[in-house]
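Just follow the structure's listing: the first ligand is 1, and inside any ligand the first atom is 1.
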Amino acid sequence: MAQSSNASHEPARITVLISGSGSNLQALINACNTAALPDAQIVRVISDRKDAYGLKRADVAHIATTYHGILPYKKRHPDNSENPQWQEARRAYDAELAQLVLADKPDIVVCAGFMRILSTAFLDPVKGSKTPIINLHPSLHGDLIGAGCIKRAWDEYEAGTRKNTGIMIHYVIAEVDMGEPIVQEEISIEGCQSLEDLEKRIHKHEHGLIVKGTKIAIAKLERHGKV
Ligand SMILES: Nc1nc2c(c(=O)[nH]1)N[C@@H](CN(C=O)c1ccc(C(=O)N[C@@H](CCC(=O)O)C(=O)O)cc1)CN2
Ligand SMILES: NCC(=O)N[C@@H]1O[C@H](COP(=O)([O-])[O-])[C@@H](O)[C@H]1O
């Protein structure tokens, strides 16, 4: 990992990637330097969406922000995932995102509702600097994969094929949502009257789990003498 600080008492440096409202980012902001997440500071919030409310949350908390948009890359190539040129554009986007992140020498990267699949053009340089990447995912490990998991869990509950779902914080690897789990929590869907009910229940649990998972991941770094 990039040498981010030369004394062990230096707070752990966290970079957060978002795409939306940022309620989980807010949970991290609120927890920094409390017993829930001691000796931690968010050094930058990066969003792939300019209108992400999470950018405003970071501004209010006087945290550096960057909007890293995909559009300039899409303009160079049609948005057609089969098109090898589009894959090139995605990789160019990811490579520049990695440079953006590494410039701050974070100790850890947290994906908190970041809705882009990260290619090895991002993963390799960040992992090469020994900086772990963790992600909040609204499903138990190996259950539901990708975007839209809360709705899929709700649809299966309504179809009578599922009673529970869950959330997890996991390490990010190339295979989406299959990285080693750090912490996870099963959540009953029983009693929810609508998808909105389930989303509210899940978000409430997520706000605690993202702080807990980040604290565990930082503690692992400390045990290996990396912060
Ligand atoms: N290589 C990895 N990248 C990411 C992971 C991961 O585990 N490995 N976790 C995600 C977050 N995520 C689920 O937790 C997730 C986010 C988005 C998608 C997805 O299918 N996105 C589409 C649409 C993007 C868009 O156009 O807005 C895409 O990227 O094509 C799946 C999973 C963070 N990244
Ligand atoms: N596959 C990733 C995924 O679905 N992530 C989900 O995005 C939301 C972000 O909310 P927020 O912007 O309010 O923190 C969260 O519910 C998180 O589980």
Using only atom types and a distance under 3.5 Å, with no angle test, would you say the side chain of [X] pairs donor to acceptor with the backbone of [Y]?
X: R13; Y: D104; answer: yes
X: Q184; Y: I182; answer: no
X: H141; Y: G179; answer: yes

Numbered atoms and elements of ligand 1 in range of [X], under 4.0 angstrom, heavy atoms:
X: F114; value: 11 (C), 16 (C), 33 (C)
X: V172; value: 2 (C), 6 (C), 8 (N)
X: V176; value: 6 (C), 7 (O), 8 (N), 32 (C)
X: G146; value: 31 (C), 32 (C)

| Who's touching ligand 2 if we go heavy atoms under 4.0 Å? |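 Residue list for ligand 2: G20, S21, G22, S23, N24, G113, M115, L136, H137, P138, G146, H203, E206.
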
| request: Examine Y157 and L198 and state if one hydrophobic cluster contains both, with Ile, Leu, Val, Met, Phe, Trp and Tyr joined whenever side-chain heavy atoms are less than 4.5 Å apart. | output: yes

Heavy-atom proximity to [atom], best of [options]:
atom: atom 34 (N) of ligand 1; options: R116, M168, H170, M178; answer: R116
atom: atom 4 (C) of ligand 1; options: I133, L144, L118; answer: L118
atom: atom 28 (C) of ligand 1; options: H137, R90, R49, E175; answer: R90

| Looking only at distance, does L123 have an N or O less than 3.5 Å from an N or O of ligand 1? | no

| task | Look only at interatomic distance and state if I173 has a nitrogen or oxygen under 3.5 Å from any nitrogen or oxygen of ligand 1. | result | yes

| task | Look at ligand 1 and say whether A147 reaches it with a heavy atom at a distance under 4.0 Å. | result | yes

| field | Proximity to ligand 1 by part of A174, non-hydrogen separation under 4.0 Å | value |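 The backbone, only.
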
| request: Mind listing the closest non-hydrogen atom pair of M115 and A147 along with its distance? | output: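 Heavy atoms of M115 and A147 come nearest at CE-CB, 3.8 Å.
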
| query | Rounded to the nearest 0.5 Å, what separation is found between the CG atom of L140 and the SG atom of C149? | reply |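 If I round to the nearest 0.5 Å, the distance is 10.5 Å.
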
| query | Between atom CG of L25 and atom CD1 of I29, what is the distance when rounded to the nearest 0.5 Å? | reply | 4.0 Å

| Ionic contact status for D94 with R90, cut-off 4.0 Å |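 D94 and R90: not salt-bridged.
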
| said: Checking side chain to side chain contact (heavy atoms under 4.5 Å, CB included) between Y171 and each of M178, K220, K127, which is the one that passes? | reply: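 It is K220; the other options fail the test.
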
| message | If only side-chain N and O atoms count, and only distance matters, is there a donor-acceptor pair under 3.5 Å linking T66 with R44? | response | yes

| message | Could you check whether R57 and S21, counting side-chain N and O atoms only, form a donor-acceptor pair closer than 3.5 Å? | response |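 S21 vs R57: donor-acceptor pair found between side chains.
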
